[in-house]
Amino acid sequence: MMDLSNKVVVIMGASSGIGAATSRQLAKDNATLIIAARRIDRLTEIKNEFPNQNIHPFEADVTNFNEVKKVIDFAVSEYGRIDVLYNNAGIMPTAPLVEGRRNEWQNMLDINVMGVLNGIAAALPEMVKAKFGHIITTDSVAGHVVAPGSAVYSGTKYAVRAIMDGLRMEQAENNIKTTIISPGSTGTELFNSINDVDQKKFAEDFFEQIDGLQPEQVASAVEFAIGTKSNMSVSEVIVRPTRQSL
């Protein structure tokens, strides 16, 4: 555990998986949390687990800039600042390109890429004014390597890496940190977003075969990045299961 009682943290995509695990870990660290997702009931459960902590649940869809900005505006009006924005929402409907699943491709672009950009657009002006802040985004090992069936998903994650590195370079002089967290196979509801039956079975079987990560293990990497001193920025973390060679 860390003492993060001086941190105001906004987590987008906080209702399950890595986002929920990070919310719970940071609550134990006494951080002030503004947690957002589409499933408000899941967020309320997290809040109720920590009745003595400052946790504010918000229903928000990361593809809707106005909803994202409402979350950021609350943090600023209530606490005067945002120390950390964690862009965690994402989907992974992998399938061969020949299947032409254009609606799935569009959803991945809207959530995985525009969702990140919406978070940045809402929070960055506040951080620039304050001359400090930390933006974290969940990427993926798929943002570093491409495998058959994951071309579009990898494309969105490569895009996130480019966006976040550009953000790092643009905002270094404003003392704003950036971190990309790239997990390997992790046991989350992400598998449920795969509609291709063969791809879903492959992902689930692969996770079992290599003893995949649990969300709490990835959350510990997020916690570490947040807990670093102001002059230290953990730009990128790849967290793989030991037996994952890809």
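We count residues from 1, following the sequence as given. Computed from a prediction, not measured in an experiment: that's the story for all the values here.
Among residues two or more places apart in sequence or in another chain, the side-chain contact (heavy atoms from CB on, under 4.5 Å) test is passed with Glu216 by Ala21, Gln214. For Val128, the side-chain contact (heavy atoms from CB on, under 4.5 Å) criterion is met by Leu124, Gln171, Asn174, Ile176, not counting sequence neighbours.
We find that Lys70 and Glu67 are not joined by a salt bridge, their nearest charged nitrogen and carboxylate oxygen being 4.0 Å or further apart. The pair Arg38-Glu59 fails the salt-bridge criterion, with no side-chain N (NZ, NE, NH1 or NH2) lying under 4.0 Å from an Asp/Glu carboxylate O. At a threshold of 4.0 Å, the pair Arg81-Asp83 counts as salt-bridged, since one of the basic side-chain nitrogens sits closer than that to a carboxylate oxygen.
Thr32 places none of its side-chain heavy atoms less than 4.5 Å from the side chain of Val9. Using a 4.5 Å heavy-atom cutoff, the side chains of Ile135 and Leu167 are in contact. In this structure the side chain of Thr137 never reaches within 4.5 angstrom of the side chain of Asp139, judged on heavy atoms. Residues Tyr79 and His56 meet the side-chain proximity criterion, which asks for heavy atoms closer than 4.5 Å.
Using modelled atom types, no side-chain atom of Asn30 and backbone atom of Leu4 make a donor-acceptor pair closer than 3.5 Å. Although no hydrogens or angles enter the test, the distance criterion places a donor-acceptor pair under 3.5 Å between the side chain of Thr228 and the main chain of Met232. The main-chain N or O of Ala151 is never found under 3.5 Å from a side-chain atom of Ser154 such that the two would form a donor-acceptor pair. Distance alone, capped at 3.5 Å, places no donor-acceptor pair between the Asp29 side chain and the Ala31 backbone. Of the possible polar contacts, one joining the Thr186 side chain to the Gly184 backbone as a donor-acceptor pair under 3.5 Å is found.
Taking Ile, Leu, Val, Met, Phe, Trp and Tyr as hydrophobic and joining them when side-chain heavy atoms fall under 4.5 Å apart, one finds Val146 in a cluster with Tyr158. Cluster note: Leu246 groups with Val141, Val145, Ile238 through ILVMFWY side-chain heavy atoms spaced under 4.5 Å, whether in direct contact or through intervening members.
Taking each heavy atom of Met108 and Tyr153 in turn, the nearest pair found is SD-CA, 3.6 Å. The two residues Ile136 and His134 have their closest heavy-atom pair at CG1-NE2, 3.5 Å. The minimum heavy-atom distance linking Phe224 with Val234 is given by the pair CE2-CG2, 3.8 Å. Heavy-atom minimum distance, Asn118 versus Val62: ND2-O, 2.8 Å. In terms of heavy atoms, Gly119 sits closest to Val68 at CA-CG1, 3.9 Å. Of all non-hydrogen atoms in Arg39 and Ser15, the two that sit nearest each other are NH2-OG, 3.3 Å.
Taking CZ of Arg101 as the start and CG of Asn107 as the end, the distance is 12.0 Å to the nearest 0.5 Å. Annotation: the span from Lys28 atom NZ to Met1 atom CE amounts to 8.0 Å, rounded to 0.5 Å. To the nearest 0.5 Å, the span separating CG on Leu213 from CD1 on Ile18 amounts to 8.5 Å. Put simply, CG on Asp61 and OG1 on Thr63 are 3.5 Å apart, with the number rounded to the nearest 0.5 Å. Distance check: Met127 CE to Ile120 CD1 gives 10.0 Å after rounding to the nearest 0.5 Å. Remark: Glu204 CD to Glu208 CD distance equals 8.5 Å, nearest 0.5 Å.
With no hydrogens or angles considered, no side-chain donor-acceptor pair links Gln209 and Asp205 at under 3.5 Å. In summary, the side chains of Asn88 and Thr138 do present a donor paired with an acceptor at a separation below 3.5 Å, with no hydrogens or angles considered. When only modelled atom types and interatomic distance are considered, Thr156 and Asn112 share a side-chain donor-acceptor pair under 3.5 Å.
Ile34 and Ile11 fall into different hydrophobic clusters, defined by Ile, Leu, Val, Met, Phe, Trp and Tyr side-chain heavy atoms under 4.5 Å apart, directly or through other members. When hydrophobic clusters are built by joining Ile, Leu, Val, Met, Phe, Trp and Tyr residues whose side-chain heavy atoms come closer than 4.5 Å, directly or via intermediates, Val239 is not grouped with Ile180. No continuous path of ILVMFWY side-chain contacts below 4.5 Å connects Val84 to Phe132, so the two sit in separate hydrophobic clusters. By the rule that hydrophobic residues join a cluster once side-chain heavy atoms approach within less than 4.5 Å of another member, Ile35 and Phe74 end up as members of separate clusters. Following chains of ILVMFWY side-chain contacts shorter than 4.5 Å, one can reach Val71 starting from Leu85, so the two form part of one hydrophobic cluster.
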side-chain contact (heavy atoms from CB on, under 4.5 Å) evaluation trace for Gln53 with Leu33: CA-CA 8 Å; Gln53 300 304 116; Leu33 298 176; over 6 Å; no

side-chain contact (heavy atoms from CB on, under 4.5 Å) assessment of Ile72 paired with Phe58: CA-CA 10 Å; Ile72 299 299; Phe58 273 83; over 6 Å; no

Worked check of side-chain contact (heavy atoms from CB on, under 4.5 Å) between Phe65 and Met114: CA-CA 9 Å; Phe65 175 72; Met114 283 307 303; over 6 Å; no

side-chain contact (heavy atoms from CB on, under 4.5 Å) between Tyr86 and Val10, worked out: CA-CA 6 Å; Tyr86 182 20; Val10 176; over 6 Å; no

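The salt bridge (charged side-chain N to carboxylate O under 4.0 Å, His left out) pairs that include a residue from residues 165-178 are Asp165-Arg168, where partners are two or more places apart or lie in different chains. Under the side chain to side chain donor-acceptor pair (under 3.5 Å) criterion, the residue pairs touching residues 232-246 are His144-Glu236, with sequence neighbours excluded.
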